[in-house]
Amino acid sequence: MSAAKRVQQWATFARTWHVFDCKWQDPYESANIIKKYLMGMHKPIYHPMNDCGDVVVCINSREIALRGDDWRKRAYFHHTGYPGGASWTLAWELHNKDPTMIIKKAVYRSMKGNLQRRHTMERLFIYPEEKVPEDIMQNVTNQIRQIRQVPTRLDHIPEEVVKNYPKVMEYPEDYILK
Amino acid sequence: MAALVRAGFSLAKNAIFSTSIRSISTTKHLNIKEIRTSLEGSNIIIEGVTVPSPRTELLIRPEKLNTLIENKSTESIEKPPCYMCSLGLDVKHTDVLILSQFVRSDGCMLPRRITGLCRRQQKKIGKMVTMAQKAGLMINLTPAYSKKDPKKRWNYKKFNTYFDETTIFMKRIPKPLDRFKR
């Protein structure tokens with residue numbers, strides 16, 4: 001076995017640790033990607049009955065972005081089990097209480113409900129900030145590519161670039177600047 | 001009837017007091033104007049200064065790009081397409097460098113008589129400006145009273161939001177529950 005093949009063998013059977021930056025990412029889109037790494041579906045040896053899933057560390061989960069008016073329209077349902085124990089929490093209220101919950105529920109719901117799902121979720125770490133404990137960060141060897149590009153704010157672009165950027169609209173000849 | 005009386009009254013008034021002020025200018029205004037106010041002693045001086053447009057040098061027009069002319073050499077069209085249509089740019093709501101050209105210093109979208117766009121493009125750009133403002137991407141182009149930092153906004157507005165440009169011309173934006181309906 002050549003050296004390259006040997007390393008490929010190790011990499012296939014070892015638990016790789018991936019990091020995923022949730023900044024400006026849709027949790028429901030990124031859950032489908034995180035799920036594949038958690039279950040090991042990106043490996044050629046994948047089978048539902050072999051334990052080949054990886055570990056994913058999600059950072060910046062406070063900075064996730066929902067589409068359109070989802071923050072105030074999407075509701076999360078909970079029932080205590082008692083009569084009248086139903087409650088609906090809006091996405092922004094849930095995110096205020098626990099900034100890791102939305103991404104956790106999105107990943108949980110993207111997977112099929114079987115006995116393996118709870119164990120697969122144990123391999124997902126979510127952190128609201130960029131700060132990750134050192135003993136977790138030292139295992140990370142790979143980064144998952146983000147789906148959406150993080151937008152740049154206009155006030156973060158230098159003034160020179162804004163001024164010298166090619167212009168599309170020209171003011172009319174008698175326009176009064178405001 | 002009332003309108004007729006009013007019209008007759010104004011006609012008679014004009015005939016008696018012919019003090020109609022007409023602003024005739026024989027030459028065309030060549031430059032854009034800037035209104036400056038300055039305080040000199042106890043006098044406030046308000047002057048309109050003509051300034052050369054800062055954009056003429058950097059302006060991009062399809063006439064300048066030779067490749068586009070060869071593709072679109074149709075002269076029989078009754079109405080030429082507006083500059084945004086003929087440029088054919090795929091503008092997203094995150095392209096703040098382009099969208100900021102269409103707004104005033106308080107972040108308000110300029111009207112169509114100033115932008116010179118067609119109806120469809122004006123609607124599209126206007127909506128994308130709104131999207132960029134809601135996403136907090138142009139916070140230096142906002143009214144003075146607004147909370148500049150998006151994270152200091154109220155309730156659901158303080159969290160990051162992104163938008164889908166394909167919903168701009170939809171009559172009704174489909175809800176996620178629609179796929180279960182029959």
Side-chain angles (χ1 to χ4, degrees), chain A residues 22-30 60-75 89-96 99 102 109 128 146-178, chain B residues 28-35 48 51 53-61 83-84 87 89 91-102 104-106 108 110 113-117 131-132 135-141 148 150 155-164 167 173 175-176:
Chain A
C22 298
K23 196 176 233 179
W24 282 95
Q25 302 301 306
D26 189 308
Y28 313 104
E29 282 174 7
S30 44
N60 281 329
S61 77
R62 201 190 292 276
E63 314 255 307
I64 53 166
L66 295 200
R67 190 178 69 184
D69 53 1
D70 257 17
W71 279 117
R72 61 198 158 109
K73 289 287 169 71
R74 193 178 283 265
T89 315
L90 298 179
W92 66 269
E93 290 173 335
L94 186 71
H95 203 60
N96 260 344
I102 287 185
R109 288 189 60 180
Q146 288 182 319
I147 313 162
R148 328 195 108 256
Q149 210 182 359
V150 177
T152 322
R153 261 159 59 171
L154 188 63
D155 54 328
H156 289 172
I157 303 170
E159 196 128 324
E160 275 298 302
V161 179
V162 177
K163 200 183 267 179
N164 295 326
Y165 193 77
K167 296 284 183 279
V168 179
M169 200 206 83
E170 170 71 309
Y171 292 119
E173 282 162 350
D174 54 347
Y175 179 67
I176 297 168
L177 277 178
K178 262 184 200 168
Chain B
K28 215 175 179 184
H29 303 296
L30 286 172
N31 293 323
I32 58 169
K33 281 185 221 160
E34 193 178 279
I35 291 174
V51 199
S53 173
R55 291 186 178 177
T56 35
E57 291 295 311
L58 301 158
L59 203 64
I60 287 188
R61 282 283 173 269
Y83 59 90
M84 221 39 196
L87 276 173
L89 296 171
V91 184
K92 300 258 185 277
H93 77 282
T94 48
D95 300 332
V96 280
L97 283 169
I98 294 175
L99 293 180
S100 62
Q101 298 170 20
F102 292 96
R104 290 195 192 110
S105 57
D106 65 345
C108 176
L110 289 167
R113 65 167 191 277
I114 292 173
T115 56
L117 292 165
M131 287 171 175
L137 301 176
M138 294 204 294
I139 55 165
N140 50 347
L141 296 175
K148 301 278 181 189
N155 285 355
Y156 59 87
K157 292 181 185 173
K158 67 185 166 198
F159 298 125
N160 293 342
T161 313
Y162 78 94
F163 293 91
D164 188 6
T167 58
I173 296 163
K175 288 173 188 161

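Since the model is a prediction, treat every value here as computed from it, not as a measurement. Letters A, B, ... mirror the listed sequences (proteins, then strands); counts begin at 1.
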Legend entry - Side chain, backbone, both or neither of Lys158(B) within contact of chain A (heavy atoms, under 4.5 Å): side chain

Legend entry - Residue pair Asn60(A) / Trp24(A), side-chain heavy-atom distance below 4.5 Å: no

Legend entry - For Asp69(A), all residues meeting salt bridge (charged side-chain N to carboxylate O under 4.0 Å, His left out), sequence neighbours excluded: Lys73(A)

Inset, instruction - Heavy-atom distances under 4.5 Å only: say whether Met84(B) touches chain A with side chain, backbone, both or neither. - result: side chain

Legend entry - Gln101(B) side chain near Tyr165(A) side chain, heavy-atom distance below 4.5 Å: yes

Inset, instruction - Go through the atoms of Ile173(B) and report whether side chain, backbone, both or neither lie under 4.5 Å from a heavy atom of chain A. - result: neither

Legend entry - When Asp106(B), Asp164(B), Ile139(B) are compared by non-hydrogen pairs under 4.5 Å with chain A, the top option: Ile139(B)

Inset, instruction - Name the region of Lys163(A), side chain, backbone, both or neither, that has any atom closer than 4.5 Å to a heavy atom of chain B. - result: backbone

Legend entry - chain A contacts, top residue of Asn155(B), Val96(B), Thr94(B) (heavy-atom pairs, under 4.5 Å): Asn155(B)

Can you give each donor-acceptor pair under 3.5 Å made by side-chain atoms of residues 149-158 of chain A, sequence neighbours left out, with the distance rounded to 0.1 Å?
from      : atom 1 : to        : atom 2 : distance (Å)
Arg153(A) : NE     : Asp155(A) : OD1    : 3.3
Arg153(A) : NH2    : Asp155(A) : OD2    : 3.1

Legend entry - Part of Tyr162(B) within contact of chain A (heavy atom distance under 4.5 Å): both

Legend entry - Toward chain A, the part of Leu117(B) with a non-hydrogen atom under 4.5 Å: neither

Legend entry - Qualifying residue, where the test is side chain to side chain contact (heavy atoms under 4.5 Å, CB included) with Phe159(B) and the options are Asn96(A), Ile102(A), Ile64(A): Asn96(A)

Legend entry - Least distance between heavy atoms, His93(B) atom then Leu99(B) atom: O-CD1, 3.7 Å

Inset, instruction - Quick one: which of Val161(A), Asp26(A), Leu90(A), Val162(A) has the most heavy-atom pairs under 4.5 Å with chain B, could you say? - result: Asp26(A)

Legend entry - Aromatic plane relationship, Trp71(A) with His95(A) - under 30° parallel, 30 to 60° tilted, over 60° perpendicular: tilted

